[in-house]
Every structure is written in C-alpha cells, then in structure tokens.
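Whatever order the structure lists them in is the order used to number ligands and atoms, beginning at 1.
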Amino acid sequence: MALRELQPSPEALPVYEPEVRIFLTPEGVDNFAASKVITLLQNEPSAVLTLPTGSTPREMYWLILEAFNRGEVSFAQATIFNLDEYWPLPPQDPASYASYMRTRFINHIDIPRGNWHIPNSAAEGANEEATRFEALLQQTGGVDLAVLGIGPDLTCHIGFNEPGSAVTSRTRYVELDPRTLVVNQEHFPDPSQIPSGAITQGIADILEAKRILLLAKGGGKARGIARTLKGPVFAEAPASFLRYHPNVTFVLDRDAASLLKTNN
Ligand code: GLP
C-alpha cells in the first residue's frame with residue numbers, strides 16, 4: 001500500500017480483519033512461515049524480503065536453510081532487509097542482530113553480499129544511518145514479504161517501533177521501551193551493556209510491504225496478541241497498525257492465541 005499518498009490523515013485508513021492462523025504447536029508456526037518464504041522465492045527468485053530477529057524466527061531460519069541445502073530454494077537474486085538493529089553496538093558483538101543474521105542465516109546461503117541490508121550498529125550517527133538505510137529500502141521498488149515478530153509484554157512493538165510510534169514513521173533512531181530493555185537484556189552477556197536505543201524500519205515502511213506475516217509463539221505473547229487484534233488501532237499498540245494492511249496473516253501457536261476468544 002502507498003502510505004505516503006494517504007497522509008496526513010492516517011486515521012482515515014480502512015481497518016481490515018487480518019487473517020489469523022492458529023497452530024497447535026510452535027512447529028506449526030515455523031513450518032508455515034518457512035514455507036511462505038520458500039514458496040515466494042521459488043515463484044519470484046528476485047523477491048525482496050524484510051526479515052526479523054529474536055527467538056521466535058530461529059526455527060524458521062533453520063527450516064529455510066534445510067530447504068536451501070536440499071537445493072529447493074536460492075537467494076542468488078533475492079534482497080533481504082532486516083527490520084532493526086541496536087545502536088550503538090559493535091556489529092561483531094554476539095548480541096547484535098547482524099551477528100544473529102550472519103551466524104544463523106546469511107553466512108550459509110547464496111545471497112550476494114550487497115543484497116543483504118541491516119542498519120550499521122557502529123555508524124557514527126544513528127540518524128544519518130537511518131536515512132541511508134531508508135534510501136536503500138525505497139530504491140528497491142517494494143518489499144514483497146515482511147516477516148515480523150512482536151515485542152514483549154504489552155509493548156506490541158514491531159521491529160523496534162515502541163508504543164507511541166506514528167503510523168507514518170520511517171526508518172529512524174528510537175529509544176527502547178523499559179519493558180523491552182528488561183526482556184532483551186538477557187541476550188547480552190553483561191545485561192547492563194544493552195544499548196538504550198536502536199535503528200528500526202518505521203511503521204510506514206512495514207505497511208508498504210505487499211504481504212506481511214506476524215509470528216508469535218508462547219503464552220508470553222498472548223496478552224500482546226489479544227491487544228493487537230481486539231483492542232483499538234492506536235500508537236500504544238504499534239502492531240495494531242497492521243490492521244490497516246489488507247494482506248496480513250497472524251501466525252500463532254495455541255498459547256499465543258489463547259486470549260483471543262476471551263477478549264472479544
Ligand atoms: C526484538 C526485536 C523485534 C522482535 C522482538 C520479539 O525486540 N526488535 O523485532 O520481534 O524482539 O522477540 P522474540 O521473538 O525473541 O520474542
């Protein structure tokens with residue numbers, strides 16, 4: 001969708017009922033997400049993808065790698081944009097999203113080095129780096145599929161678009177929500193070393209993807225998913241903005257979906 005054309009009245013956007021797929025197990029979520037990525041690339045080898053990090057998509061990457069190793073899928077013509085990255089942080093830090101992507105995925109597939117983009121966590125200026133990344137994103141001619149996770153607790157963040165993010169937001173530097181800092185610091189050997197900020201694709205960038213999958217697994221995501229799907233569409237739950245998009249699928253395991261019925 002061309003969000004730019006709809007400004008400055010995003011509140012006038014139509015709200016859609018997203019597709020919700022609920023699987024009995026987390027493996028169901030992993031298989032569904034991996035198969036969507038694989039099928040897209042089989043049909044459109046030069047597809048542009050926006051991809052997430054976090055614990056939720058780990059098994060998705062593993063399954064895609066298995067398919068790659070069997071020769072069923074190639075990234076030779078694909079382009080990948082990551083959703084977000086901490087700033088500032090040495091890119092080689094094991095807790096950086098660049099390290100996550102390299103070790104779990106990028107180093108093992110045939111994507112040309114220039115076709116994978118992630119904000120540079122060691123850039124001198126976060127705003128300048130955000131502008132550079134946004135320009136690259138705009139040059140691609142559009143993202144075919146964006147795969148997202150959802151933030152902890154009731155943050156309902158997507159990428160690092162924390163509560164308060166505008167629907168019109170673009171790639172930028174953000175301060176992390178205190179709830180995000182508490183949960184994400186467990187990925188840092190020294191929890192006090194977690195950066196207080198990050199560079200993230202904006203909500204408008206995410207909404208411009210042709211198709212969006214949001215993955216959530218486990219009971220810890222249940223309240224956030226219920227708020228996102230059953231609460232108001234508003235900046236306090238940035239994932240709720242996905243209801244402005246006509247082609248979104250929420251891919252949930254039974255635990256993540258457990259509060260959907262009672263929150264009607
Ligand atoms: C981080 C990332 C998000 C991700 C979220 C969920 O905060 N910035 O893009 O969706 O974590 O992480 P997990 O999958 O580990 O729950």
Side-chain angles (χ1 to χ4, degrees), residues 23 26-27 29-30 32-34 49-63 80-89 93-101 103-105 117-119 121 126 130 133 137 143 145-165 169 171-188 191 194-203 205-207 209 212-225 227-228 237-242 248-253 255-257:
F23 294 91
E27 291 75 25
V29 173
D30 306 331
F32 183 89
L49 298 157
T50 279
L51 293 178
T53 54
S55 53
T56 307
R58 276 185 203 147
E59 291 79 10
M60 174 191 80
Y61 286 122
W62 179 248
L63 291 169
I80 294 175
F81 286 89
N82 266 91
L83 268 174
D84 50 13
E85 174 63 289
Y86 292 104
W87 187 93
L89 190 68
D93 190 295
S96 77
Y97 289 167
S99 293
Y100 175 110
M101 288 301 290
T103 56
R104 290 175 197 283
F105 197 55
H117 307 288
I118 187 164
S121 60
F133 186 90
L137 194 55
V143 171
L145 174 66
V147 184
L148 316 174
I150 187 167
D153 198 8
L154 287 176
T155 62
C156 299
H157 78 213
I158 45 177
F160 270 131
N161 291 283
E162 300 285 21
S165 295
S169 56
T171 307
R172 67 203 186 287
Y173 172 80
V174 293
E175 289 286 329
L176 298 178
D177 188 281
R179 291 164 291 183
T180 300
L181 288 170
V182 167
V183 173
N184 286 18
Q185 68 185 12
E186 76 190 30
H187 301 293
F188 288 76
I194 186 171
S196 60
I199 297 170
T200 184
Q201 287 192 33
I203 302 286
D205 297 308
I206 293 168
L207 289 180
I212 301 173
L213 300 181
L214 184 142
L215 318 181
K217 302 191 284 195
K221 296 291 169 71
R223 289 201 311 149
I225 288 295
R227 185 182 210 203
T228 294
S240 68
F241 286 139
L242 296 174
V248 176
T249 304
F250 282 73
V251 191
L252 313 173
D253 70 3
D255 293 341

Any donor-acceptor pair under 3.5 Å linking the side chain of R179 with the backbone of D153?
-> no
Among protein heavy atoms, which lies nearest atom 4 (C) of ligand 1, and at what distance?
-> T53 O, 4.1 Å
Is the shortest distance from a heavy atom of G159 to ligand 1 less than 4.0 Å?
-> yes
Within a strict 4.5 Å, meaning less than it, do heavy atoms of the F250 and L242 side chains meet?
-> yes
Is a salt bridge present between D255 and K217, judged by a nitrogen-to-oxygen distance below 4.0 Å?
-> no
Subset of ligand 1 atoms that lie under 4.0 Å from at least one heavy atom of G149 | 10 (O)
Between T56 and ligand 1, find which residue part has any heavy-atom pair under 4.0 Å and reply side chain, backbone, both or neither.
-> both
Shortest protein contact, atom 6 (C) of ligand 1 (heavy atom only) = I150 O, 3.3 Å
Backbone or side chain, does any N or O of T180 fall under 3.5 Å from an N or O of ligand 1?
-> no
Is the backbone N or O of A95 less than 3.5 Å from a side-chain atom of S99, with the two atoms forming a donor-acceptor pair by type?
-> no
Using distance alone, decide if ligand 1 has a nitrogen or oxygen within less than 3.5 Å of any nitrogen or oxygen in H157.
-> yes
Measure V183 to ligand 1 on non-hydrogen atoms and call it side chain, backbone, both or neither using the 4.0 Å cut-off.
-> neither
Under-4.0 Å heavy-atom contact with ligand 1, by part of S55 that carries it = both
Side-chain donor-acceptor pair under 3.5 Å between D93 and Y86, yes or no?
-> no
Output the distance between atom CD (Q201) and atom NE2 (H117), rounded to the nearest 0.5 Å.
-> 11.0 Å
Identify, for atom 8 (N) of ligand 1, the protein heavy atom at the shortest distance, and state residue, atom and that distance.
-> D84 OD2, 2.7 Å
Do the rings of Y61 and Y100 sit parallel, tilted or perpendicular, given the 30° and 60° boundaries?
-> perpendicular
Rounded to the nearest 0.5 Å, how far apart are CZ of F160 and CD1 of I199?
-> 11.5 Å
Does ligand 1 have an atom that lies less than 4.0 angstrom from a heavy atom of K221?
-> yes
Close-contact set for ligand 1 against Y97 heavy atoms, below 4.0 Å | 1 (C), 2 (C), 7 (O), 8 (N)
What residue and heavy atom of the protein are closest to atom 12 (O) of ligand 1, and at what distance?
-> G54 CA, 4.0 Å
Any sub-3.5 Å donor-acceptor pair from D205's side-chain atoms to T171's backbone N or O?
-> yes
